[in-house]
Amino acid sequence: MKPDSNILRKIPVFSELEEHLIEKIAELTIIKKYAKNDIIFFEGDPGEAIHFVKSGKVKIFKTSEGGKEIIINILNPGDIFAEVTLFQKNTPYPASVEVIEEGEIGSIRNRDLERLISENPQLAVELLRAMAKKLKEVQQRVRELGSNDAIERTIRVLSALAKNHGSKTKDGIVLCKNITRQDMANLVGTTRETMSRILSKFSKEGLVEIKGRTIVIKNADALEEYYI
């Protein structure tokens, strides 16, 4: 399925491009539907395309030598991923991507996009900006995972999830219900048991409320100031 230009306008990396360029990108783009838990690609697969989230949510993760899953990021509609493979020949995907909320993913083959970039420097600039932003996000995740304090890392993850994936209600900020406790543990870089203990501690202190699989942040300011 091919997208129309209005869909691509909602992707930040393409939003400032001229209309004729948007239309050319639309001609190169394939939209595919994915169900929850579908794998878009695995770490190490040939890096043949860049992708963007049209709808739904995906998680980007790596697997350690011991088989432990480490979540790098969770992406929303409008986010692009695997763009690092664009300017490097024969580069495998550096991480795996799994769908955590069913939706549609757009894909553009690198060889087609490279041809378009060679004719349109504006597109190259926008993609480089996107890559610089992604590098900054990865560096932040490395710093967070370098912390020895699981509680501190949990606070940072909860704050990030609230900002990027939360929904404000009268009861607080409701996090995406499709983010499981295991996902939370993998984001924080700890075990599921430790994650459960930390969330239970926050619940008893009135910072969060646990409703089945859903986490509600009751007091975001107090959570962020927990160590201050």
Side-chain angles (χ1 to χ4, degrees), residues 34-45 47 50-85 92-103 105 130-131 133-167 173-202 208 210 212-217 220 223-224:
Y34 288 87
K36 182 180 177 181
N37 299 326
D38 280 351
I39 298 293
I40 298 174
F41 54 76
F42 284 102
E43 178 181 356
D45 286 349
I50 72 166
H51 311 264
F52 63 85
V53 183
K54 178 177 178 289
S55 62
K57 294 179 186 291
V58 305
K59 68 177 180 181
I60 299 177
F61 67 95
K62 293 180 71 68
T63 304
S64 70
E65 293 182 359
K68 182 180 178 181
E69 180 183 294
I70 302 170
I71 296 180
I72 305 301
N73 207 350
I74 293 177
L75 304 183
N76 289 315
D79 290 332
I80 67 170
F81 55 98
E83 68 275 19
V84 68
T85 66
Y93 289 120
S96 303
V97 180
E98 178 182 345
V99 176
I100 61 173
E101 184 179 290
E102 66 177 68
I105 303 297
M131 293 174 69
K133 178 183 177 183
K134 188 66 62 67
L135 178 60
K136 184 177 180 180
E137 291 173 352
V138 171
Q139 290 173 333
Q140 177 62 28
R141 285 289 294 137
V142 170
R143 285 195 293 269
E144 290 173 358
L145 290 172
S147 169
N148 291 322
D149 193 323
I151 292 180
E152 181 180 354
R153 297 200 304 272
T154 300
I155 291 171
R156 290 176 178 175
V157 166
L158 286 172
S159 296
L161 290 175
K163 178 180 179 181
N164 299 319
H165 306 278
S167 300
I173 302 174
V174 180
L175 302 188
C176 174
K177 65 181 180 181
N178 289 309
I179 300 175
T180 67
R181 295 292 183 278
Q182 188 61 60
D183 288 335
M184 284 287 299
N186 294 342
L187 275 166
V188 171
T190 189
T191 65
R192 181 171 179 170
E193 291 74 18
T194 298
M195 187 77 263
S196 295
R197 286 197 296 270
I198 293 173
L199 290 177
S200 178
K201 173 182 173 64
F202 287 169
V208 305
I210 310 299
R213 291 179 57 185
T214 302
I215 300 173
V216 181
I217 297 179
L223 184 67
E224 292 186 358

Report the distance from atom [atom1] of [X] to atom [atom2] of [Y], rounding to the nearest 0.5 Å.
X    : Y    : atom1 : atom2 : value
L158 : I198 : CG    : CD1   : 9.0 Å
K62  : I72  : NZ    : CD1   : 6.5 Å
I100 : Y34  : CD1   : OH    : 15.5 Å
I71  : L187 : CD1   : CG    : 4.0 Å
F42  : S96  : CZ    : OG    : 6.0 Å

*For D183 and T180, what are the C-alpha separation, side-chain angles and deciding distance, and is it a side chain to side chain contact (heavy atoms under 4.5 Å, CB included)?*
CA-CA 5 Å; D183 288 335; T180 67; 3.3 Å; yes
Indicate the atoms forming the closest heavy-atom contact of [X] with [Y], along with that distance.
X    : Y    : value
R181 : I210 : NH2-CG2, 3.0 Å
L161 : M184 : CD1-SD, 3.4 Å
E43  : T63  : OE1-N, 3.4 Å
A82  : I50  : O-CG2, 3.8 Å
G56  : P77  : O-CD, 3.2 Å
V188 : A150 : CG1-O, 3.9 Å

*Give the intermediate values and the outcome of side chain to side chain contact (heavy atoms under 4.5 Å, CB included) for residues Q182 and N186.*
CA-CA 6 Å; Q182 188 61 60; N186 294 342; 3.1 Å; yes
Does any non-hydrogen side-chain atom of [Y] lie less than 4.5 Å from one of [X]?
X    : Y    : answer
I105 : V97  : no
V216 : L175 : no
I217 : F202 : no
V99  : I40  : yes

*In chain order, what residues pass the salt bridge (charged side-chain N to carboxylate O under 4.0 Å, His left out) check against E98, with sequence neighbours excluded?*
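For E98, the residues satisfying salt bridge (charged side-chain N to carboxylate O under 4.0 Å, His left out) (neighbours in sequence not counted) are K59.
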*Is it the case that more than 12 heavy atoms not belonging to E102 sit under 6.0 Å from its CD atom?*
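No, not enclosed.
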*Do the side-chain N and O atoms of T194 and R197 include a donor-acceptor pair separated by under 3.5 angstrom?*
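Present: a donor and an acceptor within the cut-off.
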*Hey, does the side chain of H165 reach the backbone of K57 with a donor-acceptor pair shorter than 3.5 angstrom?*
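Side chain of H165 to backbone of K57: no pair is present.
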_S196 side chain vs R192 backbone, donor-acceptor pair below 3.5 Å_ =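 Yes; judged by distance alone, with no hydrogens or angles, the pair exists.
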*Determine the interplanar angle of the H51 and F81 rings, folded into 0 to 90°, and report it as parallel if under 30°, tilted if 30 to 60°, perpendicular if over 60°.*
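Plane angle under 30°, so parallel.
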